[in-house]
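For reference, the structure discussed in these notes is given below.
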Amino acid sequence: MNSTHFPIIIMSLFLIVGVSTPVIKKRFDNVVKFMLMGTFGVAIILSALTFLYVQAEGPFTYNFGNWSRQLGIEFAIDGFSALLTLLIVSVSAIVVLFSLEDIEHEVDSSKTLSYYTIVFTLIFAMVGITFSNDLFNIYVFMEILSLTSCGIISIKHKKVNFLASFRYLILNTLGSISFMFGIALLYMVTGHLNIVEVNNVIADVWQYYPTNILLAVGFMFTGLGIKAAMFPLHVWLPDAHSSAPTPSSALLSGLVVKVYVFTMAKIIFNVIGVEISQALDITTFLTYFAALSMIMGSIFAIGQKDIKRMLAYSSVAQIGYMFLGIGLATEFGLAAGFFHIFSHAMMKAALFLSAGTIIYKKNQRNITKLDGIGYEMPVTMTVFTIAALGMVGIPGIIGFMSKFYLGVAVLEAGQSGFIIVILLSSFLNAIYYLPIIISAFIKEDKSRIKTLILDKIPVTMLIPLVLLGFSCVLFGFFPNLLMDTIENVVPTFLN
Amino acid sequence: MELINELLDHINYVGAAVLFVIGLYTVLTHSNLLKKVIGINIMETSVFLFFVSIGYVAGGEAPIIGENSDAIYVNPLPSIIILTGIVVAISLTAYALSLIIRIYDEYGTLDMDEIMEIRSDLPNE
């Protein structure tokens, strides 16, 4: 089957279904639910086929309207962007399956259909950024992404949400503007917007305009740093991720920030080129900020009482791991960073969804009041425990493997100092995750009945949790299933 | 003298940079939410100015190929890109303003400092 059009079909599918659902349906009933999940089913099949096609035939480019790459917009479908699309589509399918029950408790019933419109546009924009091979096109998708990700926060009509959303919007826009300034500076030097063309020209001229390129990269990295919540620029994240409805938090923390991390990798390796990045010391600075994020994010998380706020701060630390992998600028480092994109997406989605289940069932967000909850909601808390232990880095869970690969990559790059940072960050993770697990399973609460009962939650909320927990363990024991593929596709990304 | 001439030659770039800094200053220092949005708009304008002036060629004509095929043309691509940029800026502004209306309804003020005071009195939701 000819698959070259599939990436476009995936994107248009999300856009069409997202926009048309509130037009053709008035109520959020079972038909709508089947339609939403059916869209995801088709999209997963299409993105898997695209991935298989890329594996078999090699990376290809897709030109819109048959314009040449100097004039038109181009999509580059390489092994990694196809794999990342598969991750985006499947994790958001799991999150949306969870949201079908949960969303009615979080959002006004008249807003439910609009919520899915925004979510589908969000997925459309994420897939777009992943495939896009044109700097300005990336900017446009980025703006769609920032508008929609503010939208899924402010749709919950609460005071906190409006303020969190406004702050997120202002900082996001600052980020987009700096990114566009960077594009302008690069365009000044190269005269192209297509990533391949820019890379060709920069390789010839970078010695004449080092300041210009450095300034451009500085602006772009500030912009992406704000959007991906790198340490000193993370101020919007805790409010935004903790006040949002649970499915939104899982999407924002699990997927949206990753897309920006991937864009940053694209800029270092595809736009500027790895030799020039190293010559201008860009990658070294990135590793410093990464180390800072890893430590400071965890330190902030320790003091939090609100469970979702704690998870949000933990994201800041985990983003640091990915930046560290990218900043090492070796092939294995990049593979380790990308592996952590996958492992963090699964673990953070599992954590947010299980936290959301506790809030759904018990209406309790305070982590000091979770004593003995493991007896009442064993499945939920088991999934939470698996993912939390993965974050800490206990062997047998996917999080351990990504820390292990990152450690190997750090040693391979000859920067063994970062090993200490990784270990320290893991210890800090243990400080704030273990008390929850201990109090949930070991501490007693007099008021609760101490018999083991199964969680009384809807089955559409149980399935996503079990799926995510299972995949954390599966890839923890067999990381090669994922890592071999990633190591194969990283060279196609670098080319 | 040389420096001044240099600056005058690139007055559009200098202007863009100055506008960018003014906008950033407004966003970061003013506590009024509307002024923050205005600051964002100033920053966006500065980038648009910068982008358009990259494409300008001194003495160039509009890029319509006629009888005079030797003429120097202005690069049209930046101007077209900025059209998209303007559309994006408008939608962001509209969304930000609608959020401000909601925030004003809930808190009764547009001042960020006052909102933070009100918030610190409330229990954490």
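Letters go in sequence order (proteins before strands), and every chain restarts at 1.
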Item to complete: Sort out for me which of A:L193, A:I183, A:L174 touches chain B most, counting heavy-atom pairs under 4.5 Å.
Response: A:L174
Discussion item. Quick check on B:I54 against chain A: is it the side chain, the backbone, both or neither that has a heavy atom closer than 4.5 Å?
Written reply: side chain
Item to complete: First locate atom CD1 of B:I118, then atom NZ of A:K159, and finally report the distance between them rounded to the nearest 0.5 Å.
Response: 7.0 Å
Discussion item. If we ignore hydrogens and angles and just use 3.5 Å, is the side chain of B:Y95 paired with the main-chain N or O of A:C150 as donor and acceptor?
Written reply: yes
Fill in: Between B:I81, B:V87, B:L92, B:I40, the one whose heavy-atom pairs under 4.5 Å with chain A are most numerous
B:I81
Worksheet item: Does A:Y187 reach the side chain of B:F51, with side-chain heavy atoms less than 4.5 Å apart?
Response: yes
Practice prompt. Counting only heavy atoms closer than 4.5 Å, note whether A:L185 contacts chain B via side chain, backbone, both or neither.
Written response: both
Practice prompt. With rounding to the nearest 0.5 Å, note down the distance linking NE2 in A:H157 to CG in B:D105.
Written response: 11.0 Å
Worksheet item: Quick one: CE on A:M180 to CZ on B:F48, what's the gap to the nearest 0.5 Å?
Response: 4.5 Å
Worksheet item: Is it true that atom CZ of A:R69 has more than 12 heavy atoms of other residues, nucleotides or ligands lying nearer than 6.0 Å?
Response: yes
Worksheet item: Does the side chain of A:T173 come within less than 4.5 Å of B:E44's, by heavy atoms?
Response: yes
Discussion item. Given heavy-atom pairs under 4.5 angstrom as the criterion, report whether the side chain, backbone, both or neither of B:I101 touches chain A.
Written reply: neither
Worksheet entry | Contacting moiety of A:F219, where chain B heavy atoms sit under 4.5 Å | side chain
Worksheet item: Is any residue of residues 4-26 of chain B within less than 4.5 Å of chain A by heavy atoms, and which ones?
Response: B:Y13, B:F20, B:L24
Item to complete: Please list, in residue-number order, every residue in residues 132-140 of chain A that has a heavy atom less than 4.5 Å from any heavy atom of chain B; write 'none' if there are none.
Response: A:F136, A:Y139, A:V140
Item to complete: Mind checking the CZ-CD1 spacing from A:F166 to B:I103? Nearest 0.5 Å is all I need.
Response: 5.5 Å
Practice prompt. Report the distance from atom CD1 of A:I170 to atom NZ of B:K36, rounding to the nearest 0.5 Å.
Written response: 7.0 Å
Discussion item. What part of A:L163 gets within 4.5 angstrom of chain B, counting heavy atoms only: side chain, backbone, both, or neither?
Written reply: both
Worksheet, complete the sentence: One should read off an interatomic distance between A:R167 CZ and B:L99 CG, to the nearest 0.5 angstrom, of 13.5 Å
